[in-house]
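Take a look at the structure below.
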Amino acid sequence: QKEVEQNSGPLSVPEGAIASLNCTYSDRGSQSFFWYRQYSGKSPELIMSIYSNGDKEDGRFTAQLNKASQYVSLLIRDSQPSDSATYLCAVAGGTSYGKLTFGQGTILTVHP
Amino acid sequence: GAVVSQHPSRVICKSGTSVKIECRSLDFQATTMFWYRQFPKKSLMLMATSNEGSKATYEQGVEKDKFLINHASLTLSTLTVTSAHPEDSSFYICSAGRDSRGAADTQYFGPGTRLTVL
């Protein structure tokens with residue numbers, strides 16, 4: 001079982017729609033959760049961090065965390081073609097304190 | 001804030017040469033820096049964790065004598081790929097950990113260095 005799992009996609013949504021990205025993790029001691037966006041040929045860019053159960057909103061992005069279910073998600077509202085990228089879920093804490101464990105990434109395509 | 005620079009952005013070298021990559025945190029002090037490599041269409045693979053003033057901690061399977069890491073100050077870490085071979089060609093990315101909530105686990109990534117070994 002992979003430590004951090006994401007649907008690899010590709011996920012395709014029309015412009016203006018809500019894109020929903022999901023991630024599960026295996027280490028119950030994990031404490032910090034991150035979503036990074038990576039454009040092709042570029043390095044990851046931090047979009048959201050979340051530490052407590054519930055929702056955290058930042059502009060068009062909402063991160064949701066459910067530690068009991070070991071599940072974290074990212075919602076992108078009003079999706080734009082510029083949102084097309086690979087989204088990486090990363091988890092820290094627990095047995096890998098200070099290090100990030102990445103999922104394999106979900107490719108998102110927003111078509112006009 | 002939280003800007004990390006990396007230099008060079010791209011390097012092409014001959015087999016057998018050594019290549020040094022610099023990673024700098026520009027607007028914060030990073031006690032911990034991380035080095036990753038990424039192959040096409042794959043996720044990031046952590047190579048080593050670098051702490052200022054101490055030896056780097058390498059992940060299993062990463063040759064410490066081949067990938068030399070130095071973390072001389074709170075804003076600079078270097079990765080030297082020694083005696084590079086074509087199989088070392090990859091995208092190398094550093095990140096700097098910034099303290100958040102008492103845990104230095106928020107990582108900000110540099111722009112990456114694309115290494116091509118001929």
Within this structure, what is the [atom1]-[atom2] distance for the pair [X] and [Y], rounded to the nearest 0.5 Å?
{"X": "Thr101(A)", "Y": "Leu44(B)", "atom1": "OG1", "atom2": "CG", "result": "12.0 Å"}
{"X": "Gln38(B)", "Y": "Gln38(A)", "atom1": "CD", "atom2": "CD", "result": "4.0 Å"}
{"X": "Lys99(A)", "Y": "Thr32(B)", "atom1": "NZ", "atom2": "OG1", "result": "12.0 Å"}

State, to 0.1 Å, how close [X] and [Y] come at their nearest heavy-atom pair, and which atoms those are.
{"X": "Ser43(A)", "Y": "Gly112(B)", "result": "CB-N, 4.4 Å"}
{"X": "Gly103(A)", "Y": "Ser43(B)", "result": "O-OG, 2.9 Å"}
{"X": "Lys42(A)", "Y": "Phe91(B)", "result": "O-CE2, 3.7 Å"}

hydrophobic_cluster_shared for [Y] and [X], side chain cutoff 4.5 Å:
{"X": "Tyr58(B)", "Y": "Tyr36(B)", "value": "no"}
{"X": "Ile107(A)", "Y": "Leu88(A)", "value": "no"}
{"X": "Phe102(A)", "Y": "Met47(B)", "value": "no"}
{"X": "Met45(B)", "Y": "Ile21(B)", "value": "yes"}
{"X": "Met33(B)", "Y": "Leu76(B)", "value": "no"}

Next item on the list: Flag yes if more than 12 heavy atoms outside His111(A) fall under 6.0 Å of its NE2 atom; otherwise flag no.
Entry: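 Yes, because the 6.0 Å sphere around NE2 of His111(A) holds more than 12 heavy atoms from other groups.
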
Note to self: Quick check: do Lys42(B) and Gln104(A) have side-chain heavy atoms less than 4.5 Å from each other?
What the structure shows: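 No, side chains not in contact.
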
Next item on the list: Measure the shortest side-chain to side-chain distance between Tyr36(A) and Gln107(B) over non-hydrogen atoms and say whether it is less than 4.5 angstrom.
Entry: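 Touching, per the 4.5 Å side-chain cut-off.
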
Note to self: Let's go through Phe109(B) and Glu45(A) carefully: what are the C-alpha distance in whole Å and the side-chain angles of both, what is the deciding distance for side chain to side chain contact (heavy atoms under 4.5 Å, CB included) to 0.1 Å, and is it a yes or a no?
What the structure shows: CA-CA 7 Å; Phe109(B) 286 85; Glu45(A) 171 192 10; over 6 Å; no

Margin query: With a 4.5 angstrom heavy-atom cut-off, is it the side chain or the backbone of Gln6(B) that approaches chain A, or both, or neither?
Written below: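 Neither; nothing under 4.5 Å.
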
